[in-house]
Amino acid sequence: EESVLTHTLQREDDTHTARSTHCTFLGYDMVHYGHSNQLRQAKAMGDYLIVGVHTDEEISKHKGPPVFTQAERYKMVRAIKWVDEIVEGAPYVTTLDTLDKYNSDFCVHGDDITLTVDGKDTYAEVKREGRYRECRRTQGVSTTDLVGRMLLMTKTHHSNIVSTTHRVHTDPTGPKGHSPWTGVSQFLQTSQKIIQFASGKEAQPGDTIIYVAGAFDLFHIGHVDFLETVYKQAERPYVIVGLHFDQEVNRYKGKNYPIMNIHERTLSVLACRYVSEVVIGAPYAVGKDLLDHFKVDLVCHGKTEVFPDRDTADPYAEPKKRGIFRTVDSGNGLTTDDIVQRIIKNRLLFEARNQKKEAKEIAVYEAMKSQAEGEQAGDTAQAAQ
């Protein structure tokens, strides 16, 4: 699912101290917290991260229809806080020429596999030349799984659902085996993961503390544009995002929302460069206790509908009473509903995409497994001689 390259440059800055620069090229057809975690790991391999993002045409050719358009993906990747620069329209297959063009010493990819339309490893050339590094894939999430949640309208991913088995969201008519890369295990949140994503910075004197609240489900370009607009409301903004629990989101959104559970949404929002802090399981009503505790200077909400609280009260009554409530217009009306409708509209294409992708991965995995078993048998026979 994740196509990433990272390169390291040796460049001299003004103080004549060498710094490590690396570049990552992405085949993301959707941008989620698993990709953000990959970029976090890639950034740790150097000082300056350049990210190349593929076009819609390239992704459609090799993987199937992208969930987000290239323009949306360019902006979403720019908003990930570990990214320093992006290259638009990066080539899908990574060659030595590509690395050299961007002064790259090496590339980085997740420990899954990325294949071309004819089933070839997109990193074969750079692997042969020793200019390839790997980072760990984030267990429990993939675009395939998220698309499956939308199509099957299940709720098993919600944090309040207790189940001894986790249903993998694949079409029952798909291949009987499961790819070790696409087959998804349940995401397990840890304190370490939150620490890795969190900024760890507290508000400083002179900062304007801005509070926003919502579901921020399937974190997308509409959310990015909104948070960027909020960030620009002050000279020194400290943006706190309050995330509602799954049960609360399902109360006012219905159906099988949220598509991402509270743990997944927490990491998605923390990865955004405009966000300083996240309140996990924030109260729906923005009341006196919350405003006083965080010393909030400004509360913002977008142009989307404000659903009443359980008692039919306005959840923003207190900040309005204090004169610190502001409605902001990001100029982007895209909602999570719109993203889900894109998936449903192209349901057959996405189901075919998921099945084809997993079938290719299974074939490659079986071939790799057979090769390894053959080498092991050869070693055993040689040792017996």
Side-chain angles (χ1 to χ4, degrees), residues 1-2 4 6 20 22 24 26 28 31-49 51 76-84 108-112 133-142 145-146 157-160 184-205 207 209-219 223-224 227 230-231 236-246 249 258 260-283 290 293-296:
E1 192 60 47
E2 301 153 1
V4 183
T6 307
S20 173
H22 48 296
T24 301
L26 311 180
Y28 305 157
V31 182
H32 54 66
Y33 67 92
H35 301 137
S36 298
N37 189 40
Q38 187 175 10
L39 293 176
R40 179 191 65 78
Q41 294 177 72
K43 178 61 181 283
M45 297 179 185
D47 304 313
Y48 190 81
L49 179 63
V51 180
M76 289 179 70
V77 173
R78 280 192 179 96
I80 296 173
K81 63 186 178 184
W82 298 287
V83 176
D84 296 299
V108 174
H109 182 260
D111 54 6
D112 55 343
R133 293 187 187 179
E134 226 166 54
C135 58
R136 293 181 63 186
R137 182 182 179 279
T138 304
Q139 292 298 315
V141 65
S142 72
D145 183 54
L146 294 174
H157 55 281
H158 288 181
S159 62
N160 60 314
V184 179
S185 57
Q186 187 171 14
F187 172 71
L188 299 174
Q189 183 70 285
T190 63
S191 58
Q192 182 62 29
K193 187 63 64 187
I194 293 175
I195 290 168
Q196 289 170 343
F197 271 61
S199 69
K201 296 177 182 177
E202 296 184 357
Q204 300 300 311
D207 288 350
I209 300 174
I210 308 174
Y211 182 79
V212 300
F216 291 89
D217 192 17
L218 282 180
F219 196 75
H223 298 134
V224 169
L227 290 170
V230 169
Y231 187 84
R236 287 178 50 185
Y238 187 89
V239 179
I240 301 174
V241 176
L243 288 178
H244 302 142
F245 276 131
D246 297 347
V249 175
M260 283 183 167
N261 65 42
I262 185 68
H263 307 303
E264 298 171 311
R265 291 183 285 120
T266 296
L267 296 186
S268 299
V269 174
L270 280 174
C272 181
R273 67 173 66 252
Y274 306 117
V275 176
S276 301
E277 180 64 287
V278 168
V279 180
I280 303 170
L290 185 146
H293 178 81
F294 292 107
K295 298 180 173 59
V296 175

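Owing to the predicted nature of the structure, the values given are computational and were not obtained by experimental measurement.
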[X] side, atom [atom1]; [Y] side, atom [atom2] - distance, nearest 0.5 Å:
{"X": "Phe197", "Y": "Lys81", "atom1": "CZ", "atom2": "NZ", "value": "8.0 Å"}
{"X": "Ile262", "Y": "Leu243", "atom1": "CD1", "atom2": "CG", "value": "5.0 Å"}
{"X": "Met76", "Y": "Cys272", "atom1": "CE", "atom2": "SG", "value": "9.5 Å"}
{"X": "Gln38", "Y": "Ile80", "atom1": "CD", "atom2": "CD1", "value": "10.0 Å"}
{"X": "Ser36", "Y": "Lys43", "atom1": "OG", "atom2": "NZ", "value": "13.5 Å"}
{"X": "Ile209", "Y": "Gln204", "atom1": "CD1", "atom2": "CD", "value": "10.0 Å"}

Test ring pair (Phe, Tyr, Trp, His ring centres under 6.0 Å) applied to Phe216 - qualifying residues, sequence neighbours left out:
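Phe216 satisfies ring pair (Phe, Tyr, Trp, His ring centres under 6.0 Å) with His223 only.
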Partner set under side-chain hydrogen bond (donor to acceptor under 3.5 Å, both in side chains) for Arg273, not counting sequence neighbours
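Arg273 satisfies side-chain hydrogen bond (donor to acceptor under 3.5 Å, both in side chains) with no residue once adjacent residues are dropped.
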State which residues pass side-chain hydrogen bond (donor to acceptor under 3.5 Å, both in side chains) with Asn37; sequence neighbours excluded, sorted by chain then number.
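Applying side-chain hydrogen bond (donor to acceptor under 3.5 Å, both in side chains) to Asn37 gives Arg40, Thr138.
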Do you know which two heavy atoms are closest between [X] and [Y], and how far apart they sit?
{"X": "Met45", "Y": "Cys135", "value": "CE-CB, 4.2 Å"}
{"X": "Leu49", "Y": "Leu39", "value": "CD2-O, 3.8 Å"}
{"X": "Trp82", "Y": "Ala271", "value": "CZ3-CB, 3.9 Å"}

Student check: side-chain heavy atoms of Gln189 and Leu267 closer than 4.5 Å
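With C-beta onward as the side chain, the pair touches.
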Tell me, do Met260 and His32 make a side-chain contact under 4.5 Å, heavy atoms counted?
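Heavy-atom side-chain distance check passes, below 4.5 Å.
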Using the test side-chain contact (heavy atoms from CB on, under 4.5 Å), find all partners of Ala215 that sit at least two apart in sequence or belong to another chain.
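Ala215 satisfies side-chain contact (heavy atoms from CB on, under 4.5 Å) with Asp217, Val249, Tyr252, Arg265 only.
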Anything under 3.5 Å between a donor and an acceptor, one on a side chain of residues 274-281, the other on a protein residue two or more places apart or in another chain? List them.
| unit_1 | atom_1 | unit_2 | atom_2 | d |
| --- | --- | --- | --- | --- |
| Ser276 | OG | Val239 | N | 3.4 |

Selection residues 236-245 - residue pairs positive for salt bridge (charged side-chain N to carboxylate O under 4.0 Å, His left out), sequence neighbours left out
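Checked against salt bridge (charged side-chain N to carboxylate O under 4.0 Å, His left out) - neighbours excluded - the pairs reaching residues 236-245 are Asp207-Arg236.
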Whether over 12 other heavy atoms sit under 6.0 Å from Phe294 CZ:
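Result for CZ/Phe294: enclosed.
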Test item: Glu264 side-chain N/O and Tyr33 main-chain N/O as donor-acceptor pair under 3.5 Å
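Looks like no, no N/O pair under 3.5 Å.
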